[in-house]
Amino acid sequence: MGVWRTVFGNVSHRAIRVWQRNADVWATTWLVNFIPPLFEPILYVLAFGMGMGSLIGTVVYGGTEIPYLRFMIPGVISVAIMFWSYFETTYASFVRMYYQRTFDAIMATPLLAEDVIAGEWIWGATKAVMAATVMLVIVGAFGLVAFPQGLLIVPLSALGGLLFSALGLVTTALAPRIDHFNIPSFLIIFPMFLFSGTFFPIDVLPQWATHVALALPLTHVSFLVRALCLGRPAPLWPWHLLYLTLGSLVAGGLAIVLMRRRLVR
Amino acid sequence: MNDHHPIEARRLTKRYGTLTAVDAIDFEVEHGQCVGFLGPNGAGKTTTVKMIAGFSPITAGRVLVFGVDVSANPRDVKRQIGVCPQEDNLDPDFSVMKNLLVFARYFNMPSSVSATRANELLEFLHLSDKRDAKIDELSGGMKRRLLLARALLNTPRLLLLDEPTTGLDPQARHLIWQRVRTLRDGGATVLLTTHYMEEASQLCDRVIMMDAGRILLEGRPDELVAREVGREVIELWKTTPEVTAFVRGSGWAFEQVEDRIIIRDQQGGQVSRLIEERFPTQARLIRGATLEDVFLIRTGRALKE
């Protein structure tokens, strides 16, 4: 457990203070902050339900035919989990770290760099939970979620959020300037957004591409979210959960190590 | 606790790769003292402060704050000190008051206590009417005062001020000086860095002069001036060759900077009298010796860039 201690040993309950700081900023404009997760699913339902869905009709998923809208809405929620956490701990954290020097100010108090990093990490995941919860309410109102299983999407968004927000912090630790975020955004995040079983089933892809898709974290999130929305267990669901749990721990550990290197000099 | 020095540094060293920013320095700061670190840019002052404050890891040696090893127990040290940083890192997402309240939370201060304390400090630093202002509405001097207020929130036993008045206008600077004096008179121990010699003379019981990561000399400001320079400085300009030759032949301690000759008068009065007699028309200025003279003599006149 030596590695565990070197990586996570300095993280304390004080990380919650950093989370609170971010939550306070968020709360000052909370109404505006709810617009995207509120309207995004409504627009998707209109565009894909009435528009594109009428062209595509149904998809075969897990052996049964389902309307395209029911297939893609879980994808939209999964993408939101990724975007809301990843972009929080890339662009927003970078601004706090580099332009506002907020982290430097906090490190002059009893908090250590590790508390700051952990606070940002949890905050990034919180943004994913908030987005997923709002969306769940909206798409639930359209009758696109099977309840009560659908409620499990909330804890699932926390787990997925932790994974993507840790990946965001890894990016932030390595980005020399804010413009460099374009590289991972367009080489990793946007391809993941499209090819993770979000908008079409991955088994229509060539074999090799299916394997690549299975290696991507968003694929595992979208499988689980879809299973919960449709109300039927995903085959191999424990493996998806294991992937996301281990992925969060590894990415979180990396985030702490790399961000510490950047912050503590 | 009281028998420990507020700061005790032994062979304190910081290296960044091959660059040695702080080179095995030894010093201590006593209770109730205001100690000034002087030095040109890059002397290692800020790095020293960062190591004392526990946010820059020490390469070698150690520093104890109230007897606590900073490397081993950074949280215990950071709880007891207040740091006013060189650059503005106020939180632009919050108002003036909210900045203080959020900062107090990092120290686990209960919100009832922190609100009272924050109001007192805003009063103390003449910021009460800016309570609800946004950070970007503040002038440079107000921001610096707010940084000082923030550093005082946890009622620190030791205050670290990194260039507290750099870039401020005279009014703002004097207000900060006044407040630092009040704090010092109230028994606080203060360590400040500056490259304003006047600031050091005004505020510090003791100064430590640094250059290139080392301590050049330390002592009380007036003693240092008397020892290193003397009482008076005579500056001559537009000097003729005869004057230059006379000064050279006189055995005085002097420096020639372009067409200016700067003579240090150890006794006081004698040099200016002789110049007056021999060269009554020579353009000259007679002034008291200052810490700035000590600084320039010891760290050289070349630009430190």
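Here is the naming used below: chain letters follow the sequence lines, and residue numbers restart at 1 for every chain.
- Contacts classified as salt bridge (charged side-chain N to carboxylate O under 4.0 Å, His left out) and involving residues 36-47 of chain A (residues at least two apart or in different chains) are not found.
- Only the side chain of B/Phe94 comes within contact range of chain A, with heavy atoms under 4.5 Å apart.
- Between B/Arg150 and B/Asp91 there is no salt bridge, since none of the side-chain N atoms of the basic residue sits less than 4.0 Å from a carboxylate O of the acidic one.
- Counting heavy atoms from C-beta on, the side chains of B/Leu161 and B/Leu191 never come closer than 4.5 Å.
- Smallest separation of non-hydrogen atoms from A/Ala125 and A/Ala158: CB-O, 3.9 Å.
- For A/Ser165 (side chain) and A/Trp121 (main-chain N/O), a donor-acceptor pair under 3.5 Å exists by modelled atom type.
- When the candidates A/Val18, A/Leu112, A/Thr102, A/Asp104 are compared by the number of heavy-atom contacts under 4.5 Å with chain B, A/Leu112 comes out ahead.
- Applying the side-chain hydrogen bond (donor to acceptor under 3.5 Å, both in side chains) rule to pairs touching residues 242-256 of chain A yields nothing, sequence neighbours excluded.
- When all heavy atoms are compared, the tightest approach of A/Asn10 to A/Asp115 is O-OD1, 3.5 Å.
- Scanning residues 107-138 of chain B against chain A with a 4.5 Å non-hydrogen threshold yields B/Phe107, B/Asn108, sorted by number.
- Contact of A/Thr28 with chain B is not made at all, since no heavy-atom distance falls under 4.5 Å.
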Below 3.5 Å, can you tabulate the donor-acceptor pairs from side chains in residues 48-60 of chain B to any protein atom, sequence neighbours excluded?
unit_1	atom_1	unit_2	atom_2	d
B/Thr48	OG1	B/Gly44	O	2.6
B/Ser56	OG	A/Arg265	O	2.5
B/Ser56	OG	B/Lys14	NZ	3.2
B/Thr59	OG1	B/Arg15	N	2.8

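- With a 4.5 Å cut-off on non-hydrogen atoms, B/Leu90 touches chain A through its backbone but not through its side chain.
- Contact count against chain B (heavy-atom pairs under 4.5 Å) is highest for A/Arg21 among A/Arg21, A/Arg96, A/Arg14.
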